[in-house]
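We use all heavy atoms of the structure for the numbers below, so side chains are in, but hydrogens, waters and symmetry mates are not. A, B, ... follow the sequence lines: proteins, then strands. Residue 1 opens every chain.
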Number of protein chains: 2
Amino acid sequence: MKLKKMEISERVVQRLTEYLSILKEVRKQYNEINSIELAKIMNTTSAQVRKDLSTFGEFGVRGKGYDIDNLIEIITKILGIDKINNVIIVGHGKMGEMLSSNLDVLGEGFKIVGIFDKDKNKIGKTAANNLIVQDIQNVDEFIKNMKNNSDTRIEMAILAVVKEQAQIAAEGLVKSGISAILNMTTYKLELDKNIKVVDMDISAKLQELNFWRINNISEKI
Amino acid sequence: MKLKKMEISERVVQRLTEYLSILKEVRKQYNEINSIELAKIMNTTSAQVRKDLSTFGEFGVRGKGYDIDNLIEIITKILGIDKINNVIIVGHGKMGEMLSSNLDVLGEGFKIVGIFDKDKNKIGKTAANNLIVQDIQNVDEFIKNMKNNSDTRIEMAILAVVKEQAQIAAEGLVKSGISAILNMTTYKLELDKNIKVVDMDISAKLQELNFWRINNISEKI
DNA sequence: TAGATTGTTAATCGATTAACAATC
DNA sequence: TAGATTGTTAATCGATTAACAATC
């Protein structure tokens, strides 16, 4: 799939993940959908739906709409979750445990292939997904051993350490070859700009929500 | 604090939560900061920092910059986390358990005052934070009993049920008086527009991250 | 006062939307 | 063909940034 490089905005990618989730839901009842119906569920305009999708190609049929299965397949490919992407979990506290024990939370397309912690009491224990928690000191060797086979290669990490360890842990991961980090800590990582970081901060989201609640003004969409 | 209603964008509020997190970190070393330094950590421009802050008032000193403690206090107030906001957790699976056992995850300003589930095996058990898991059928009574005292009133819920139950559970909460929901499910809730919803979808964030990784283009800031 | 940095205006940039030709 | 809905262009709207007067 060819993407017009540098021309895709963060917003479009975010909406793409929303479209996918909605389409999977709607598919339970329907085979087809048009931009007007999809826009309604998304709380946006049909023009935006069509524009977003047309960023990646022509997937609709004029006069008819979109085939839902087709759209699901295409978005799945665009997001790279048509194949399994290996992920390691770094930090096996409450958050890390939730991730390794909750089979559904990562969704399709991702597989946890390693769990690391620095706590001697946790190292060696078997997590709910049957992986053994490894010493964070061995993460470099682990990643490098896996990197020569595209099926085992690891480029993504979920960072679930305590805030205080976030920066140093992230730097170590980058040195070992990790190029994408889902940052579950509240620490704002400062890394080389070719490293992709997406932040996932529950307390920040709660703060946002609270702001809108107490100010009782409608969020712009 | 007076806000110019309807004139605050979602982006500004999101950045406000980031400023707060960064300022708390920087405060460990410094007392003051200027818009240039703050912008550098935020990966944005000093103009944006000043514009964002000036949305809410004049907090800086010309020629000097901002007093960090002062800024922290102000943002804390704007986000309404200078007081305790009561929250209930609905759904006590892996995600709900993580939330009720991880003391830090909600951050300051929020307090879990109730945990609800519909699973008979969970109801009556004591969670890690010493609250007893209650039958979801009692949530309406619980919320209504609390609502006449501003210290006990509950307006926020964290929705951590399985996707299939999300819509129906959310509708119930709204009927009981909940006006703000942090939605941890992948289901796109459809509720009255005066109900505030913030989505927190780990799989969606992973998908986003994966997109940027495989396309290796820089996200716009 | 001179130097520095804010707060704000105006210019720019980018994202959303309306409108419509293309076409199923 | 007539009706419907896409894909895309052009217009609009909103957010970001540059620039600078205000002022500490």
Side-chain angles (χ1 to χ4, degrees), chain A residues 1-16 18-19 23 26 30-68 70-71 74-75 78 208 217-221, chain B residues 1-16 18-19 23 26 30-68 70-71 74-75 78 208 217-221:
Chain A
M1 192 161 306
K2 279 167 261 164
L3 299 178
K4 300 163 210 155
K5 285 215 171 192
M6 307 305 295
E7 285 183 27
I8 293 157
S9 80
E10 202 172 340
R11 318 296 301 271
V12 171
V13 180
Q14 279 172 7
R15 284 195 298 268
L16 223 47
E18 278 191 69
Y19 291 133
L23 288 167
V26 177
Y30 303 99
N31 298 320
E32 285 160 9
I33 196 166
N34 63 41
S35 59
I36 301 157
E37 293 157 347
L38 191 43
K40 218 168 108 191
I41 307 174
M42 282 284 289
N43 253 304
T44 182
T45 61
S46 65
Q48 179 157 85
V49 169
R50 294 196 301 277
K51 189 136 227 285
D52 282 349
L53 295 175
S54 72
T55 311
F56 301 98
E58 299 194 11
F59 310 129
V61 180
R62 284 163 203 239
K64 228 172 158 220
Y66 301 89
D67 178 82
I68 298 182
N70 182 237
L71 225 43
I74 283 159
I75 299 176
I78 293 170
E208 250 184 79
I217 41 185
S218 299
E219 304 167 50
K220 287 180 209 142
I221 297 155
Chain B
M1 192 162 307
K2 279 168 261 162
L3 299 178
K4 300 162 208 155
K5 285 215 173 193
M6 305 305 294
E7 283 182 27
I8 292 156
S9 79
E10 201 173 340
R11 320 294 300 273
V12 171
V13 180
Q14 280 173 7
R15 283 196 297 268
L16 222 48
E18 280 191 67
Y19 291 133
L23 288 166
V26 176
Y30 303 98
N31 298 321
E32 286 161 8
I33 195 166
N34 63 40
S35 59
I36 302 156
E37 293 157 347
L38 190 43
K40 218 168 106 191
I41 308 176
M42 281 283 288
N43 252 303
T44 183
T45 61
S46 65
Q48 179 157 84
V49 170
R50 294 196 301 277
K51 190 134 227 280
D52 282 349
L53 295 175
S54 72
T55 310
F56 302 97
E58 299 194 10
F59 310 128
V61 180
R62 284 162 204 239
K64 228 172 158 221
Y66 301 89
D67 179 81
I68 298 182
N70 182 238
L71 225 42
I74 283 158
I75 298 176
I78 293 171
E208 249 185 78
I217 42 186
S218 299
E219 302 169 50
K220 286 177 211 145
I221 297 153

*Asks:* Let me know the distance between CZ of B/Phe56 and P of C/dG7, rounded to the nearest Å.
*Replies:*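 Nearest whole value for this atom pair: 14 Å.
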*Asks:* Which atom names give the shortest non-hydrogen contact between B/Ile68 and B/Leu23, and what distance separates them?
*Replies:*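 Residues B/Ile68 and B/Leu23, closest heavy atoms: CG2-O, 3.6 Å.
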*Asks:* Please encode protein proximity along nucleotides 17-24 of chain D as a string of B, S and -, counting only heavy-atom distances under 4.0 Å.
*Replies:* BBB--BBB
*Asks:* Compare side-chain N and O positions of A/Tyr66 against OP1 and OP2 of D/dG7 and report whether any pair is under 4.0 Å apart.
*Replies:*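 True: A/Tyr66 side-chain N/O within range (under 4.0 Å) of D/dG7 OP1/OP2.
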*Asks:* Base, sugar-phosphate, or nothing: which does A/Ser35 touch, judged by heavy atoms less than 4.0 Å apart?
*Replies:*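 Sugar-phosphate contact only.
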*Asks:* Between B/Leu53 (CG) and C/dT5 (P), how many Å, whole number?
*Replies:*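 Checked: the CG to P distance equals 16 Å.
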*Asks:* Any chance you could lay out the side-chain contact (heavy atoms from CB on, under 4.5 Å) test for A/Ile78 and A/Val13, step after step, and finish with the verdict?
*Replies:* CA-CA 9 Å; A/Ile78 293 170; A/Val13 180; over 6 Å; no
*Asks:* Of all residues at least two apart in sequence or in a different chain, which pass the side chain to side chain donor-acceptor pair (under 3.5 Å) check with A/Thr45?
*Replies:*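 A/Thr45 satisfies side chain to side chain donor-acceptor pair (under 3.5 Å) with no other residue.
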*Asks:* Please state how far atom CD in A/Glu10 lies from atom C1' in C/dA15, giving the value in whole angstrom units.
*Replies:*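 After rounding, the gap between these two atoms is 13 Å.
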*Asks:* If a pair means Watson-Crick or G-U wobble with both distances below 3.5 Å, what does DNA chain D look like in dot-bracket form, with | marking bases paired to a different strand?
*Replies:* ..||||||||||||||||||||||
*Asks:* Are B/Ile75 and B/Phe56 close enough that some pair of their side-chain heavy atoms sits under 4.5 Å apart?
*Replies:*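 Not touching, per the 4.5 Å side-chain cut-off.
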*Asks:* Give the intermediate values and the outcome of side-chain contact (heavy atoms from CB on, under 4.5 Å) for residues B/Tyr19 and B/Val49.
*Replies:* CA-CA 9 Å; B/Tyr19 291 133; B/Val49 170; 3.8 Å; yes
*Asks:* Taking CD from B/Glu58 and P from C/dT9, how many angstroms apart are they, rounded to a whole number?
*Replies:*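 B/Glu58 atom CD is separated from C/dT9 atom P by 11 Å.
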*Asks:* Does B/Arg15 have any salt bridge (charged side-chain N to carboxylate O under 4.0 Å, His left out) partners at least two apart in sequence or in another chain, and if so, which?
*Replies:*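 Scan of B/Arg15 (salt bridge (charged side-chain N to carboxylate O under 4.0 Å, His left out), adjacent residues dropped) gives B/Asp52.
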*Asks:* What residues, two or more places apart in sequence or in another chain, satisfy side chain to side chain donor-acceptor pair (under 3.5 Å) together with A/Asn34?
*Replies:*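 A/Asn34 satisfies side chain to side chain donor-acceptor pair (under 3.5 Å) with no residue once adjacent residues are dropped.
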*Asks:* Between atom CD1 in B/Ile8 and atom C1' in D/dA15, what is the gap in whole Å?
*Replies:*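 So the two atoms are 15 Å apart, to the nearest Å.
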*Asks:* Round to a whole Å and report the spacing from CG of B/Asn70 to C1' of C/dT6.
*Replies:*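 Atom-to-atom, B/Asn70 to C/dT6, this comes out as 14 Å.
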*Asks:* Could you state the CD-C1' distance from A/Glu7 to C/dC13, rounded to the nearest angstrom?
*Replies:*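 Spelled out: CD on A/Glu7 to C1' on C/dC13 is 15 Å.
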*Asks:* Could you tell me the separation between the CD1 atom of B/Ile36 and the C1' atom of C/dG7, rounded to a whole number of Å?
*Replies:*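 Taking atom C1' of C/dG7 as the reference, CD1 of B/Ile36 is at 14 Å.
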*Asks:* What's the shortest heavy-atom distance between B/Ser35 and B/Ser46, and which atoms?
*Replies:*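 Nearest pair, atom of B/Ser35 first, then B/Ser46: OG-CB, 3.5 Å.
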*Asks:* Among residues at least two apart in sequence or on other chains, which ones pass side chain to side chain donor-acceptor pair (under 3.5 Å) with A/Asn31?
*Replies:*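 Partners of A/Asn31 by the side chain to side chain donor-acceptor pair (under 3.5 Å) criterion, ordered by chain and then number, come out as A/Arg27.
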